[in-house]
Amino acid sequence: MRITNKMLQSNFMQNLDRNKFYLEKIHNRIASGKMVNRPSDDPVVVSRVMSIRSTLEEMEQFDKNMRDAGSWLEVSENSLSNLTDVLQRARELAVYGAGGTLTTEAMEGLADEVEQLIEESIQTANSAYGDAYIFGGTFTTHPPFIFNKDDGGISVEYRGDFKDINYEVSPGVQMTINASKSAWQLNEGEMKSEVFETLIELEQLLRNGDAEAASNFLSNIDDKIDHVLSERASLGAKSNRMDTALERSLDSQVEFSKILSRIEDTDYARAMIDFSVQEAAYHAAIKSGSQILQPTLLDFLR
Amino acid sequence: MSSGIFFGINIGLKALRAQQTAISVTGHNIANANTPGYSRQVANMHTGFALPVPSNNRWAGAGQIGTGVEISEVKRIRDQFIDWQIRAEDGKLSEWETRHDTISQIETVFLEPSDTGLSSLMGEFWDSWQELIKYPEISPVRTTVKDTGKALAEAFRHSYERLENIEEGLDRQMEIAVDEANALLRQIGSLNEQIKFIKTGGDNPNDLMDKRDLLVDNLAELMDTEVNHVFATVAGKTIATGEITVAVKTTDTNGDPAIVNIIDPSLDSGHLEFGRDDLDVTLVDSENESHTLAAKTGEVFGIQKAGNDTNPDSTSVAYYKNKLDTFAEGMSRILNEIHASGINLKDPPDNTGIDFFAFKDEEGNIITDPDNYSAKHLYINPQIEDVGFIAAGYVDDVDDFNPGNRENALLIAQLRNARFSLDGDGKLQSNTMGDLKFETFYQNFVSEVGVATKEAERMVQNQSTLVNQLSNRKESVAGVSIDEETANMISYQRAFQAASRYIQVLDELAATVVNGLKA
């Protein structure tokens, strides 16, 4: 076969181009730190990378949801803890009142304190997380409990609704985070809270100086305290569940990140070896090319 | 008659002339060693017509006496079969180069994995709905939903526009390709005439034929052609006139394939016209009749394959435009349906069915015909600019609605992981057993871009290896080897020197005779 100078040259250039093409590819991997930079680098890997990234990103969102749910639960829990204190104090007052030894003025004083306790728990019942009142169901933009005092005495009106507030904490899994209905023992028909009704009743009978009624009333208050305590326990359980879920989610994120790194990130040791091999081939090609292309018969004729 | 001294001088003279011609041919070869399309030429030498001279007083010597050397012809060395092969493979190469160019550009539109692509914008959009679940009553959170929705719609439009730009580029490329083809056809036509003229004079128009072959090579990169030699019958003998006809594939008015001569020396030449209609090219023949060009390889075919709207495959722009349309239409329809059934935060709240996404034409008018819903026109509903209109809540009775209601936001956020399938019309439909999510739908077609790009890259590589091998074979036959020419030059030089010496010897012989007689 005849070999012409042009053949040598064009073959040389083609091989050199191919060398450079691979050099560039490996260099890209090293410089970007990623095995895949465009879909055609490896379509299968790219679609896996996209899917894992999206899963990770979604998990981060659910983490945020869980943290926010946790904060909401914490605010609820604090409020109910306040409420417990209030009810304990109310019980103490009821015990004083039940003794039957107090003067009318002293009973009156106890009633005044209960009234203050009611006002205090109204604040608790109207606590907000961010801009949302947490005990009003979906009625979140205004305080759900309203305190009224007129000649007929004290009344507390509930104007929220009885709907659950659900956060999504993982795909398709919702968690109810509000506790208004059971914590405040709302009476749907009368739009009243049994907790407040109990306190109001206590205030009433203390103001009336009815020691015997106060004594009989203790078990009523105990009921409420028990109820709030069990509600707090259930909030705590939810909180714990959320913490565990969050931890589990963080663990799987670490796993997913590991997988992502394994398929997406450049294995530098391997890339550097590939690079050296390719570089050696490139240099060798240039060297042999420079020696094969230059001379012709003319160089050896005198 | 015997071979006289002067007869010998004539042999010497012919030798000088022949070697000189051969050296000129060598010089021409060396000079054109790098000329594209040039094929090396050789001066064919043959012995002069020997003198048999039968006569009575014939000198009784051995055999005939040669009359020296003559150049019979200067011929180009070329293998027409390799030419034919290269043209076929070169056409496929430029077809795939064009398609690879296009799909690589498409790939840059869907450059994933990325933190800024459609995929992550979609993630942000769903996340904003998750936030809305948590804070449905807070205006800044609603604004985030609106803004991420806007960004998503814009990304759809932008991707679509970039695909359209690629199509416009193909349109211009076709225009240039057609112009180039017409220029090549004109030049081939005029070379045909010159070649015929010189051939008739009995010479070999080697350089002109090289030029014409090069033009035909270039034409073959644009479209597949069929080249035939023209023969004429002169005095009962069939001889090649040196002209060629060039035919291309077309589709006739019945849609049947037909091969039409676009260059035919016996007729006026035809030409190509670019009609712009879906990248169709029309061939107007010498009789002014139009045929639709139906190239099957070459750049023209590559452009059509990549850019036209009929039967798009995964290397063509239209394919991805359709995918984006399906995506945009499906996502907006399914989301709007849920959104419209929800309750917004206006005072008083209502459930009058406001869409979240809307399709707007270039004049800003809302498009109502679902058949015309395209990613190109995807916007958020202008009403949503008032974020109070975002319907985060859902209750059966509007009177039971409170601002903290977030049931609808929950339903929309869950679309992220909802399942779909494509119905008979290629539209996305909710289907709990479906194998698609919005995300996977997009991932799938990013994968398709990747696979198609890789495939096109592989085709280009294979095809260029093939073309390169054929070029090497062609070059091996027709290319100029400097070493070979140098060797030839030396042998012609030596022959020339020897012939000169021979004449000198004859001169001395003559001198001996002349001077000797004088003495």
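Bear in mind the structure is a predicted one, so any value in this text is a computation, not a measurement. Lettering follows sequence order; numbering is per chain, from 1. Only heavy atoms go into these numbers, but all of them, side chains included; no hydrogens, no water, no symmetry mates.
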Worksheet item: Side chain, backbone, both or neither: which part of A:Leu301 has an atom under 4.5 Å from a heavy atom of chain B?
Response: side chain
Discussion item. Using heavy-atom distances under 4.5 Å, tell me whether B:Ile138 contacts chain A through its side chain, its backbone, both, or neither.
Written reply: side chain
Fill in: Region of A:Phe21 that comes under 4.5 Å of a non-hydrogen atom in chain B
side chain
Worksheet item: Of the backbone (N, CA, C, O) and the side chain (C-beta and beyond), which part of B:Val395 lies under 4.5 Å from a heavy atom of chain A, both, or neither?
Response: side chain
Fill in: Interface moiety of B:Ile490 toward chain A, non-hydrogen atoms closer than 4.5 Å
side chain
Cross-interface N/O pairs, chain A with chain B, donor-acceptor, under 3.5 angstrom:
residue  : atom : partner  : partner atom : Å
A:Arg2   : O    : B:Ser476 : OG           : 3.1
A:Arg2   : NE   : B:Glu484 : OE2          : 3.0
A:Arg2   : NH1  : B:Ser476 : O            : 2.8
A:Arg2   : NH1  : B:Val477 : O            : 3.4
A:Arg2   : NH1  : B:Gly479 : O            : 3.0
A:Arg2   : NH2  : B:Gly479 : O            : 3.0
A:Arg2   : NH2  : B:Glu484 : OE1          : 2.9
A:Thr4   : OG1  : B:Glu475 : OE2          : 2.9
A:Asn5   : OD1  : B:Ile482 : N            : 3.0
A:Asn11  : OD1  : B:Asn472 : ND2          : 2.9
A:Gln14  : OE1  : B:Asn468 : ND2          : 2.4
A:Arg38  : NH1  : B:Glu107 : OE1          : 2.6
A:Ser40  : N    : B:Glu107 : OE2          : 2.5
A:Ser40  : OG   : B:Glu107 : OE1          : 3.3
A:Ser40  : OG   : B:Glu107 : OE2          : 2.6
A:Arg53  : NH1  : B:Asp115 : OD1          : 3.2
A:Ser54  : O    : B:Arg416 : NH2          : 3.3
A:Ser54  : OG   : B:Glu439 : OE1          : 2.7
A:Ser54  : OG   : B:Glu439 : OE2          : 2.8
A:Glu57  : OE1  : B:Arg416 : NH1          : 3.3
A:Glu57  : OE1  : B:Arg416 : NH2          : 2.6
A:Glu58  : OE2  : B:Asn417 : ND2          : 2.5
A:Gln61  : NE2  : B:Glu131 : OE2          : 2.9
A:Asn65  : OD1  : B:Lys134 : NZ           : 3.0
A:Asn65  : ND2  : B:Gln130 : OE1          : 2.7
A:Asp68  : OD2  : B:Lys134 : NZ           : 2.6
A:Asp68  : OD2  : B:Tyr135 : OH           : 2.7
A:Thr138 : O    : B:Gly404 : N            : 2.5
A:Thr140 : OG1  : B:Glu137 : OE1          : 2.5
A:Thr140 : OG1  : B:Gly404 : N            : 3.4
A:Asp161 : OD2  : B:Asn402 : ND2          : 2.7
A:Lys163 : NZ   : B:Asp400 : O            : 3.4
A:Glu168 : OE1  : B:Gln130 : NE2          : 2.7
A:Glu168 : OE2  : B:Gln414 : NE2          : 3.2
A:Leu297 : N    : B:Asp483 : OD1          : 2.8

Item to complete: Please indicate whether A:Phe256 has more than 12 foreign heavy atoms, meaning atoms of other residues, nucleotides or ligands, lying under 6.0 Å from its CZ.
Response: no
Worksheet item: By a 4.5 Å heavy-atom criterion (distance strictly below it), what part of B:Val451 contacts chain A: side chain, backbone, both, or neither?
Response: both
Worksheet entry | A:Pro39 and B:Leu111, any side-chain heavy atoms less than 4.5 Å apart | yes
Worksheet item: Non-hydrogen atoms of chain A under 4.5 Å away: do they reach the side chain of B:Ala33, the backbone, both or neither?
Response: backbone
Discussion item. For A:Leu297 versus B:Ala487, what's the shortest heavy-atom pair and its separation?
Written reply: CD2-N, 3.9 Å
Practice prompt. Using non-hydrogen atoms and a 4.5 Å limit, figure out which bit of B:Ile482 sits close to chain A: side chain, backbone, both or neither.
Written response: both
